[in-house]
Each structure stands twice: as C-alpha cells, then as structure tokens.
S.K.: 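Mind looking over this structure? Questions follow.
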Amino acid sequence: MGAPVAATAALANTRIGRKIAIGVLLFVALVGGMLLTPLIAIPFAVAGEQVTQEVETRAAPVANGEWGYPLAGGYTKGRGFGYNPVIGCSYCSTNHKGYDMAQGCGSTIYAAGPGRVITAGSLSGWGNTVRIDHGGGLVTLYGHMDWGSLRVGVGDDITAGTPIGAEGNTGRSFGCHLHYEVFQHGTSIDPQPFMATLGLPLK
Ligand SMILES: [Zn+2]
C-alpha cells in the first residue's frame, strides 16, 4: 500500500491531483477496510464465544475469579459467627460456628472456592452437607441442604460457582437456610472477615 500513498502525495500538489488523490485514498480505504474487517472481526468473535462459555460453566456469584458467594444474588442474613442462641429452638447451637444466609427453600447453593469435595451427605447436626477442601488447611462447609439435592460427590474437583445443592432445612435447622462454615486447620473461623479479605463482604 506504500506506492499508492506516495503517488497520491505527489498528485496532491495540483487541484485536479487533489481530487484524484481523494478518490485514490477513498478507494484504498474501502479495499483496505474490506480486507481488514474479517481479520479484525474473527478474533473478537472467537473471544466472545470464549467469554460466553465461561459464563455458562461458572455461575453468577463468582466475583474475583477464584472465589465467590455461596448464594447468587440477594439473601437474608441469619445468625453470624459466635454466641448466638436461637429463640424458640432448644436443639439449635448457641455458639454458632458459621454464617447463616437464606434465599428460600430450594435455592441453588454454589461452591465458594475451588477444591475437592470431601463430604457429600448427612453429617451430624449439619444435616445434608457438602464440605470442600481448598488446600492449605482451608475447608468450607455448606449445611442443612435439601435431601436429594446434592449435585456433587466425594472426590469431585470443582471450581468456585459450581452448583453443589439446594437450600433446605435438614439437621439441627430452624427453617430453610444455608449454614456456611469456614475451617482453617480444623478450627471454625468467622466467615465474614474471611470473605471480606477475598473482596466478598457478607452482610
Ligand atoms: Zn448456622
């Protein structure tokens, strides 16, 4: 394309030359545009397809690429971490080890982080439960899920945002909710500051 550009530059010194130059430039731009359009459009089309696929495999709550919320969208906050007896529930724990959040019975619960499923089934007071080992001594637990709702099994390697089951009222529970618990080296830690450090503040 160097030769036509040089020629038009030389012709541009005359009046007729300028008209020819404009014509040639328009022609070059038109042909160039026709040739370049597919080259530019194809990578965008490919990139768009990849983004779509990622959205389909990863559920909405993933916020920072690695970790996300265990429930998608808005939720009602239940009991936080610590001393928190439930009025009218004698069998509920008083020293609450997790963070309760609710969207309603049957709402989808998602893995908060990537890891391997180490529990998928009934687990003492937590009822129908999934536990995920994230490595480095970090484990998350999702309790009180609906019977028959589990979508993962022990040994599954999953990513954040993988649907694992549905909100239920199994175990020592007082109404449908998700009991979300985080363990560090076997000890329950407060999920609120833990999630906040990941850029995922809870209510
Ligand atoms: Zn709880």
Side-chain angles (χ1 to χ4, degrees), residues 55 58-115 117-134 136-152 158-203:
V55 168
R58 281 192 166 183
V62 178
N64 68 2
E66 281 284 321
W67 283 72
Y69 290 104
L71 292 176
Y75 61 89
T76 303
K77 186 197 169 184
R79 291 194 294 162
F81 184 84
Y83 180 75
N84 244 321
V86 182
I87 295 153
C89 181
S90 56
Y91 57 83
C92 293
S93 62
T94 49
N95 187 17
H96 192 233
K97 300 285 191 181
Y99 180 91
D100 290 346
M101 50 203 301
Q103 271 183 337
C105 303
S107 303
T108 303
I109 293 166
Y110 302 89
V117 176
I118 54 170
T119 300
S122 184
L123 187 66
S124 65
W126 291 296
N128 203 16
T129 299
V130 166
R131 282 195 312 153
I132 302 167
D133 186 348
H134 304 285
L138 191 66
V139 169
T140 54
L141 178 150
Y142 312 77
H144 310 311
M145 284 197 265
D146 222 3
W147 296 122
S149 74
L150 300 192
R151 300 204 216 169
V152 291
I158 56 173
T159 57
T162 300
I164 56 174
E167 199 180 306
N169 189 27
T170 61
R172 285 193 294 154
S173 174
F174 196 67
C176 282
H177 73 283
L178 164 66
H179 173 92
Y180 176 57
E181 193 162 335
V182 180
F183 296 87
Q184 206 158 44
H185 303 297
T187 302
S188 302
I189 59 167
D190 189 343
Q192 283 189 282
F194 169 77
M195 292 297 276
T197 59
L198 294 167
L200 300 161
L202 296 165
K203 286 184 185 178

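Keep in mind it's a predicted model, so treat the numbers as computed, not measured.
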S.K.: May I have the step-by-step check of side chain to side chain contact (heavy atoms under 4.5 Å, CB included) for L138 and V182, ending in yes or no?
M.R.: CA-CA 7 Å; L138 191 66; V182 180; 3.9 Å; yes
S.K.: Determine whether F81 and L202 satisfy the following criterion, side chain to side chain contact (heavy atoms under 4.5 Å, CB included), listing intermediate values before the conclusion.
M.R.: CA-CA 12 Å; F81 184 84; L202 296 165; over 6 Å; no
S.K.: State, to 0.1 Å, how close A160 and G68 come at their nearest heavy-atom pair, and which atoms those are.
M.R.: CB-N, 4.2 Å
S.K.: Between N169 and G175, is there a donor-acceptor pair closer than 3.5 Å when you use the side chain of the first and the backbone of the second?
M.R.: yes
S.K.: Any sub-3.5 Å donor-acceptor pair from H96's side-chain atoms to G82's backbone N or O?
M.R.: no
S.K.: Where do S173 and Y91 come nearest, in terms of heavy atoms and distance?
M.R.: O-OH, 3.0 Å
S.K.: Of the non-hydrogen atoms in G106 and A166, which two are nearest, and what is the gap between them?
M.R.: O-CB, 3.6 Å
S.K.: When you look at W67 and H134, which way does the side chain to side chain contact (heavy atoms under 4.5 Å, CB included) test go after all the steps?
M.R.: CA-CA 11 Å; W67 283 72; H134 304 285; 3.5 Å; yes
S.K.: Where do Y180 and A112 come nearest, in terms of heavy atoms and distance?
M.R.: OH-CB, 3.4 Å
S.K.: For the side chain of T129 and the backbone of G127, is there at least one donor-acceptor N/O pair under 3.5 Å apart?
M.R.: yes
S.K.: Between Q103 and G74, is there a donor-acceptor pair closer than 3.5 Å when you use the side chain of the first and the backbone of the second?
M.R.: yes
S.K.: Rounded at 0.5 Å granularity, tell me how far CD1 in I109 sits from CE in M101.
M.R.: 9.5 Å
S.K.: Rounded at 0.5 Å granularity, tell me how far CD1 in I164 sits from CG in L150.
M.R.: 8.0 Å
S.K.: Just verifying a value: how many Å separate M145 CE and R151 CZ, rounded to the nearest 0.5 Å?
M.R.: 10.5 Å
S.K.: For T108 and P163, work out which heavy atoms get closest and say how close.
M.R.: CG2-CB, 3.8 Å
S.K.: Kindly determine whether I132 and V152 satisfy side chain to side chain contact (heavy atoms under 4.5 Å, CB included), including the steps that lead there.
M.R.: CA-CA 10 Å; I132 302 167; V152 291; over 6 Å; no
S.K.: Of the non-hydrogen atoms in A102 and C176, which two are nearest, and what is the gap between them?
M.R.: CB-O, 3.7 Å
S.K.: For the residue pair H144 and H177, does the interplanar ring angle fall in the parallel (under 30°), tilted (30 to 60°) or perpendicular (over 60°) class?
M.R.: tilted
S.K.: Donor-acceptor pairs under 3.5 angstrom involving side-chain atoms of residues 185-195: please list them, not counting sequence neighbours.
M.R.:
from	atom 1	to	atom 2	distance (Å)
S188	OG	E181	OE2	2.6
D190	OD1	Q192	N	3.0
Q192	NE2	K203	O	2.6

S.K.: Drop me the distance from N84's CG to K97's NZ, to the nearest 0.5 angstrom.
M.R.: 12.5 Å
S.K.: Quick one: pull up NE2 in H179 and OG1 in T170 and give me the separation to the nearest 0.5 Å.
M.R.: 11.5 Å
S.K.: With rounding to the nearest 0.5 Å, note down the distance linking NZ in K77 to OH in Y99.
M.R.: 5.0 Å
